[in-house]
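All of these numbers come straight from a predicted model, not from anything done at the bench. Heavy-atom basis, side chains included; hydrogens, waters and symmetry copies ignored. Here is the naming used below: chain letters follow the sequence lines, and residue numbers restart at 1 for every chain.
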Amino acid sequence: MSERARGEEAAAGKAVAPGAAAVRGTRDILPPESSRWQWVEGVARRVCERYGYREIRTPIFEAATVFTRGIGEATDIVEKEMYLFRDRAGRELALRPEGTAGVVRAFLEHKLYAGPLPVKLFYLGPMFRYERPQAGRYRQFEQFGVEAFGSADPAIDAEIISLGIAFLEAVGLDRWELRLNSIGCPTCRAAYREMLVTELSPRRQELCRSCEQRLERNPLRILDCKEPGCQLLVEPLPGLESYLCSDCRAHWETVQHYLGELGISYRKYPRLVRGLDYYTRTVFELVGTGLGSQDALLGGGRYDGLVEAMGGPSVPGIGFAAGLDRLLMSLAGGDGLPPAAAATDVYVARAGEVPMGAVLQLAERLRRAGIRTELELAGRSLKAQLKVADRLGARFVVIAGEAEWARGLVTLRRMADGLQEEVARTEVPGRLSELISET
RNA sequence: GUGAGCGUAGCUCAGAUGGUUAGAGCGCCAGGUUGUGGCCCUGGAGGUCGUGGGUUCGAGUCCCGUCGCUCACCCCA
């Protein structure tokens with residue numbers, strides 16, 4: 001048997017009895033960390049509420065065409081990053097790689113355009129892209145996104161950007177940069193694209209391999225290519241800004257004006273093009289620090305043609321998505337996080353021959369009284385139980401000791417100073433509520 | 001898809017040049033107090049050294065395959 005054949009056999013053997021492990025690019029979020037997730041999600045919800053955005057929950061998978069048509073055939077996401085599969089009836093489905101296309105589909109399906117505009121929505125949930133995982137990039141990742149349909153007013157561009165910043169600030173992130181650009185409408189972009197093609201075509205050999213392809217498929221993307229050779233070629237060419245039609249120019253200038261009035265500082269970023277085809281006019285990114293090379297925390301823009309392209313009426317739209325994994329990561333070192341809360345208020349310990357059923361009842365009464373209560377279930381010594389109580393951060397321990405139990409009493413111990421008192425079993429919930437609120 | 005680094009106890013890691021029973025700190029369990037936490041002391045449990053093969057008298061250590069992780073490219077959240 002060749003070495004290679006052996007290797008394959010080993011791999012196959014492993015596939016038959018796979019070790020328990022989350023698949024590549026996915027991960028488990030375990031208790032202390034899961035509370036941080038609940039916290040950011042709560043912040044996102046509260047910020048949205050303040051701005052008048054309401055939650056929409058769309059399916060995690062959709063017909064693949066929702067994304068191929070929505071995001072664009074020539075994008076990296078559609079070309080190589082989608083999780084595609086067929087269900088048992090042969091339907092072509094995809095795990096959602098981003099949120100906007102699905103929200104637009106729902107917007108159309110439920111004819112929300114027939115109601116009062118603008119329709120302002122937000123979503124929270126996992127997205128899926130088949131990419132090589134690295135710092136701040138997972139195959140299943142969590143996004144918080146916002147979409148507003150039905151307003152072409154530059155004011156909503158400013159509002160959305162301001163919402164994004166409010167969110168970052170609310171989670172305690174103070175170091176970020178807003179990058180802003182306008183990529184015009186199909187009309188002015190076509191003119192610009194034509195200029196790019198005529199200027200670059202004669203020197204196509206000097207472009208990198210992928211930009212050579214982009215020249216045909218998506219020339220705008222050459223602008224944000226990081227290859228020095230490509231940059232060199234693009235550098236002397238005029239920016240998109242000078243090609244904007246009068247409407248787009250007016251929009252672009254007004255957005256900047258409003259941002260100024262909101263006191264939001266930004267950097268014009270003529271190279272910011274973004275990887276999804278549906279964007280028009282305003283595009284922006286909020287980038288963070290300390291994130292390695294995946295530094296885009298939040299990105300979005302206007303997509304005035306998307307609803308129509310997906311078969312609906314001509315309704316303008318704008319939105320952004322924020323990567324929560326990255327956000328949490330950039331917060332990890334800082335002090336923006338809330339202190340880890342104690343896991344419990346009260347620990348019920350058992351010493352000696354005290355009936356477990358009665359102790360369960362006691363704990364149950366405390367819990368019904370709204371007191372977070374933990375009890376001994378492992379049969380440890382009292383010493384060990386107190387140690388556990390301490391570790392859990394319990395402020396009080398109810399000691400159900402054999403001696404006092406026989407007299408209808410239990411001992412209450414305040415962990416901070418070790419002060420103890422004996423209390424009638426029936427009065428434990430009331431007394432503990434008192435003691436807890438005292439502090 | 002491409003490149004580089006790394007896989008040793010639950011966690012963080014040490015194990016030059018291949019050589020006896022693979023170690024530490026933290027954590028966990030127990031004892032020191034037959035009913036009292038934090039500090040301290042003592043003891044204990046816990047390891048297919050990712051995995052398959054090769055070289056060798058002998059492999060955690062060297063070689064190859066493979067899987068995984070990490071970082072970077074690409075791209076994006």
Side-chain angles (χ1 to χ4, degrees), chain A residues 1-15 17-19 21-25 27 30 71 75-77 79-81 97-100 126-145 164 208-211 214 221 224-227 272-276 285-288 291-300 320-330 347 349-354 378-397 399-405 411 413-420:
Chain A
M1 192 192 284
S2 73
E3 254 182 37
R4 177 185 199 137
R6 281 208 190 92
E8 278 166 5
E9 188 180 69
K14 196 166 186 182
V23 310
R24 189 165 167 76
R27 62 193 176 135
L30 304 173
I71 299 167
T75 58
D76 283 0
I77 291 178
E79 278 181 351
K80 50 185 201 196
E81 296 174 5
E98 57 99 51
T100 304
M127 306 293 161
F128 306 84
R129 291 185 202 170
Y130 192 87
E131 293 181 276
R132 201 86 174 246
Q134 71 184 73
R137 189 166 75 189
Y138 301 93
R139 288 183 173 180
Q140 174 176 338
F141 57 102
E142 217 67 25
Q143 280 192 341
F144 155 52
C208 71
R209 191 133 30 97
S210 50
C211 280
R214 287 176 182 143
R221 297 287 300 288
D224 65 358
C225 180
K226 279 141 201 139
E227 288 292 326
L272 184 61
V273 170
R274 303 192 52 75
L276 289 73
E285 270 178 12
L286 280 156
V287 303
L291 276 165
S293 62
Q294 307 302 315
D295 61 356
L297 286 172
L298 185 154
F320 71 68
L324 299 185
D325 306 81
R326 284 179 194 179
L327 191 59
L328 248 12
M329 188 182 300
S330 73
Y347 187 91
R350 197 165 65 110
E353 293 301 308
V354 175
R380 276 176 284 233
S381 67
L382 180 60
K383 176 193 168 96
Q385 295 180 60
L386 283 165
K387 201 172 189 169
V388 172
D390 186 50
R391 203 180 48 216
L392 291 173
R395 291 160 58 202
F396 296 92
V397 171
I399 301 171
E402 192 173 345
E404 60 269 40
W405 188 270
T411 300
R413 178 183 177 84
R414 182 161 65 193
M415 293 300 271
D417 55 10
L419 201 69
Q420 300 195 163

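Using modelled atom types, one side-chain atom of Arg129(A) and one backbone atom of Pro97(A) make a donor-acceptor pair closer than 3.5 Å. Between the side chain of Arg326(A) and the backbone N or O of Gly136(A), at least one donor-acceptor pair lies under 3.5 Å. Listed for the Gln385(A) side chain is a donor-acceptor partner under 3.5 Å among the backbone atoms of Arg350(A). Put simply, the side chain of Glu285(A) never gets that close to the backbone of Gly299(A): no donor and acceptor are under 3.5 Å apart. Here the side chain of Arg27(A) pairs no donor or acceptor atom with the backbone of Ala22(A) at under 3.5 angstrom.
At A77(B), none of the side-chain N or O atoms of Gln143(A) fall inside 4.0 Å of OP1 or OP2 (strictly under the cut-off). Considering only side-chain N and O atoms, Arg395(A) lies nowhere under 4.0 angstrom from the phosphate OP1 or OP2 of G37(B).
The same atom, C1', is picked in G58(B) and in G18(B); the two are 8 Å apart, to the nearest Å. As rounded to the nearest Å, A24(B) and C64(B) have C1' atoms that lie 33 Å from one another. G3(B) and C74(B) have their C1' atoms separated by 12 Å, given to the nearest Å. Rounded to whole Å, the separation between the P atoms of A45(B) and C40(B) comes to 23 Å. For the P atoms, the distance linking U48(B) with G23(B) amounts to 15 Å, nearest Å. A22(B) and U61(B) are spaced 14 Å apart, taking the P atom of each and rounding to whole Å. For A59(B) and U20(B), the P atoms lie 12 Å apart once the distance is rounded to whole Å. Spacing of P atoms, G15(B) relative to U8(B), comes out at 14 Å, to the nearest Å.
Among the heavy atoms of the strands lying under 4.0 Å from Arg221(A) are primed sugar atoms or P, OP1, OP2 only; no base atom is included. As judged by a 4.0 angstrom heavy-atom cut-off over every strand, Glu404(A) is placed among the base-contacting residues. Residue contacts shown for Ile399(A) include a base, since a base heavy atom lies under 4.0 Å away. Within 4.0 Å of Ala389(A), counting heavy atoms only, lies no atom of the nucleic acid at all. When heavy atoms are screened at a 4.0 angstrom cut-off, Gly352(A) is found touching no nucleic acid atom at all. Using a 4.0 Å heavy-atom criterion, one finds that Leu298(A) contacts the sugar-phosphate atoms exclusively. Looking at heavy-atom distances under 4.0 Å, Gly145(A) makes no contact with the nucleic acid at all.
Residue Arg139(A) contributes atom CZ, which lies 18 Å from atom P of C75(B) at whole-angstrom precision. Following rounding to the nearest Å, Lys80(A) (NZ) and C75(B) (P) show an atom-to-atom distance of 7 Å. For the pair Gln134(A) CD and C75(B) P, the interatomic distance rounds to 12 Å; values are reported in whole Å. In this structure, the CZ atom of Phe128(A) is 24 Å from the P atom of C75(B), given to the nearest Å. C71(B) atom P lies 7 Å from atom OH of Tyr138(A), rounded to whole Å. Per the geometry, CD belonging to Glu402(A) stands 10 Å off C1' belonging to G35(B), to the nearest Å. Look at CZ on Arg24(A): it is 15 Å from C1' on G50(B), rounded to the nearest Å. Rounded to whole Å, the distance from CG on Leu386(A) to C1' on U33(B) is 13 Å.
Contact between Ala135(A) and Met329(A) at its shortest, heavy atoms only, is C-CE, 4.4 Å. Taking each heavy atom of Val397(A) and Ala389(A) in turn, the nearest pair found is CG2-CB, 3.5 Å.
Within the 4.5 Å cutoff, no side-chain heavy atoms of Ile71(A) are placed close to those of Glu81(A). Put simply, the side chain of Leu386(A) reaches to within 4.5 Å of the side chain of Met415(A), judged on heavy atoms. Looking at Ile77(A) and Met127(A), their side chains never come closer than 4.5 Å, going by heavy atoms from C-beta outward.
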| request: Could you run through nucleotides 26-31 of chain B and give me one letter per nucleotide, 5' to 3': B if any protein heavy atom sits under 4.0 Å from the base, S if only the sugar-phosphate is that close, - if neither? | output: --SSS-

Between protein and nucleotides 1-4 of chain B, what N or O pairs are separated by less than 3.5 Å?
unit_1, atom_1, unit_2, atom_2, d
U2(B), O4, Arg132(A), NH1, 2.6

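With its glycosidic angle more than 90° from 0, A45(B) adopts the anti conformation.
Judged by closest nucleotide on RNA chain B, Ala400(A) is the one of Ala400(A) and Val23(A) placed further toward the 5' end. Sequence order on RNA chain B of the closest nucleotides to Trp405(A) and Asp325(A) puts Trp405(A) first from the 5' end.
For Leu419(A), the side chain to side chain contact (heavy atoms under 4.5 Å, CB included) test picks out Arg414(A), Asp417(A), with sequence neighbours left out. Listed by chain and number, the residues in a salt bridge (Lys or Arg N to Asp or Glu O under 4.0 Å) with Glu79(A) are Arg217(A) (sequence neighbours excluded).
Taking only distance into account, the side chain of Gln420(A) meets the base of U36(B) through a donor-acceptor pair shorter than 3.5 Å.
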| What pattern of brackets, bars and dots sums up RNA chain B from 5' to 3', given Watson-Crick or G-U wobble pairs under 3.5 Å, [ ] for crossing pairs and | for another strand? | (((((((..((((.....[...)))).(((((.......))))).....(((((..]....))))))))))))....

| field | Check against side chain to side chain donor-acceptor pair (under 3.5 Å), Thr411(A) and Gln420(A) | value | CA-CA 7 Å; Thr411(A) 300; Gln420(A) 300 195 163; 5.1 Å; no

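The stretch residues 131-143 of chain A participates, sequence neighbours left out, in these salt bridge (charged side-chain N to carboxylate O under 4.0 Å, His left out) pairs: Glu131(A)-Arg137(A).
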